[in-house]
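Report on the following structure.
Since this is a predicted model, take the numbers as computed values, not measurements.
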Amino acid sequence: MPPSWEAPPWANQSGARELEFVLLGFAHVPSLRPMLAALFLAAFLLTMSGNSLIILLTSLDFGLRTPMYFFLRQLALVEICFSLDVAPRLLVTLLQPGRGVSPTSCALQLLLVLSCVTSECFLLTVMAWDRFLAICRPLHYGAIMSPQLCYLLATTCWLAGIPVALVFTIWLFNFPFCGPRGIRHFFCDIAPLLSLVCADTRVFEANVFVATVLVIMVPFCLIATSYVMILVAVLRMPSASGRHKALSTCASHLIVVILFYGTTGVIHLRPKASYSPESKQVVSLSYTMVTPMLNPLIYSLRNKEVKAAFGRVCCGR
């Protein structure tokens, strides 16, 4: 450990709890824990209410029964699952420092985190492809994006993350852990857990890198390709109003893509990189707490159809 950082006494406890992990999230700023707990609780409640509202509106309002809003509802469901997996444990870590986490609970949290990240990557890719078809192939859009295909794509996105998460979670927890079991993070993630392993992890890290490229970078390249083709199609549109309408339907999704991929790539492409654990915690907050909270705001504040649907549902029309 760096000399400037000293583990709290309860991070080195032994005896009955020697097989448990201890999350050390924000242990370097103990005086800020109550304030951070209040902020993260507010963010968690906003995330749950905002995404639940998106699910409610896209389910009840007939004006939002389109593939774009169907996939937005799936994204909101993923964000809710993500927040339920990370936020409660984070609040417990802040309010009850030193509380142990069993290896089973830690492995389950890692499994759900990896599954949600993978599902979100694929969902964002499908949403970009949906916008590409709507703008570049408008005459064929209805025939291609049938309800059956939408359900198939959503099911694939949800299930695709499970085998990836299972493989790396089981593989990681089969390594021997030695020394103090203090995890310098606010949730069980690959990078902080690797620092506790007393074995050669180079093969594991190489496979994590390959999986990250396939799960994060390949979808990102597909999204970027879709938007390049969308931009080319928009620039060929004769009317300014048509260009504005086409770009406005993509702006919200593009903002979410930048927020999500800009942080997950930094953390997962180099799990044992030289970034300090404290800086990794701040970056991880972006995609575990901030992005799920902002998604409903981004999609609703910039979207007249969502605002109109909210008015219709509230008025009982």
Side-chain angles (χ1 to χ4, degrees), residues 1-2 4-13 17 19-30 32-33 35-37 39-41 43-44 81-118 165 168-169 171-173 175 177-198 201 204-205 208 212 216 260 262-292:
M1 290 184 182
S4 59
W5 188 89
E6 183 178 352
W10 32 262
N12 299 311
Q13 290 179 356
R17 296 179 56 189
L19 296 179
E20 291 186 337
F21 295 104
V22 178
L23 291 170
L24 307 178
F26 304 101
H28 59 293
V29 284
L32 296 180
R33 277 183 176 154
M35 183 187 69
L36 290 174
L39 288 174
F40 295 149
L41 176 60
F44 174 63
C81 294
F82 207 172
S83 297
L84 286 173
D85 183 39
V86 173
R89 180 74 65 185
L90 170 58
L91 295 175
V92 170
T93 300
L94 291 172
L95 298 175
Q96 297 181 4
R99 183 168 179 175
V101 181
S102 69
T104 302
S105 298
C106 191
L108 181 60
Q109 186 180 47
L110 177 61
L111 174 70
L112 293 175
V113 165
L114 295 179
S115 296
C116 289
V117 169
T118 305
F168 286 108
T169 301
W171 191 353
L172 178 57
F173 277 85
F175 282 120
F177 294 95
C178 53
R181 293 205 168 193
I183 300 175
R184 296 178 66 182
H185 211 329
F186 58 86
F187 69 96
C188 295
D189 200 7
I190 289 178
L193 284 168
L194 274 178
S195 65
L196 306 180
V197 173
C198 48
T201 60
F204 176 82
E205 290 178 62
V208 168
T212 303
I216 294 181
F260 180 75
T263 53
T264 53
V266 171
I267 293 296
H268 293 286
L269 277 174
R270 297 178 63 194
K272 262 194 174 178
S274 58
Y275 314 118
S276 70
E278 289 73 27
S279 63
K280 285 182 179 180
Q281 290 180 49
V282 174
V283 175
S284 297
L285 279 174
S286 300
Y287 72 90
T288 57
M289 296 292 293
V290 178
T291 304

Practice item. Ignoring hydrogens and angles, tell me if any N or O in the side chain of Ser102 forms a donor-acceptor pair with the backbone of Ser105 under 3.5 Å. Key: yes

Nearest atoms (heavy-atom pairs only) where [X] meets [Y]:
X      : Y      : result
Ile183 : Cys106 : CD1-SG, 4.0 Å
Thr288 : Phe187 : CG2-CE2, 4.0 Å
Asp189 : Leu110 : CA-CD1, 3.9 Å
Ser83  : Pro88  : O-CD, 3.3 Å
Leu94  : Gly25  : CD2-O, 4.3 Å
Pro192 : His185 : CG-CD2, 3.6 Å

Measuring from atom [atom1] of [X] to atom [atom2] of [Y], what distance do you get when rounded to the nearest 0.5 angstrom?
X      : Y      : atom1 : atom2 : value
Met289 : Phe186 : CE    : CZ    : 7.5 Å
Leu39  : Leu32  : CG    : CG    : 10.0 Å
Leu114 : Leu172 : CG    : CG    : 9.0 Å
Leu108 : Cys188 : CG    : SG    : 9.5 Å
Arg33  : Phe26  : CZ    : CZ    : 10.0 Å
Leu36  : Leu90  : CG    : CG    : 8.5 Å

Check your understanding: Angle class for the Phe175/Trp171 ring planes (parallel below 30°, perpendicular above 60°, tilted otherwise)?
Key -> parallel

Review point. Would you call the rings of Tyr287 and Phe82 parallel, tilted or perpendicular if under 30° counts as parallel and over 60° as perpendicular?
Key: tilted

Check your understanding: Which is it for Ser195 and Arg184 under the side chain to side chain contact (heavy atoms under 4.5 Å, CB included) test, yes or no, and what are the steps along the way?
Key -> CA-CA 9 Å; Ser195 65; Arg184 296 178 66 182; over 6 Å; no

Point to revise | Derivation of the side chain to side chain contact (heavy atoms under 4.5 Å, CB included) call for Leu194 and Phe204 | key: CA-CA 10 Å; Leu194 274 178; Phe204 176 82; 3.8 Å; yes

Check your understanding: Mind checking whether Leu285 and Phe40 have side chains closer than 4.5 Å, heavy atoms only?
Key -> yes

Study note, to complete from the structure: With sequence neighbours left out, the residues meeting side chain to side chain contact (heavy atoms under 4.5 Å, CB included) with Leu84 are Phe44, Met48, Ile80

Review point. Hey, mind stepping through Val101 and Thr93 against side chain to side chain contact (heavy atoms under 4.5 Å, CB included) and telling me if it holds?
Key: CA-CA 10 Å; Val101 181; Thr93 300; over 6 Å; no

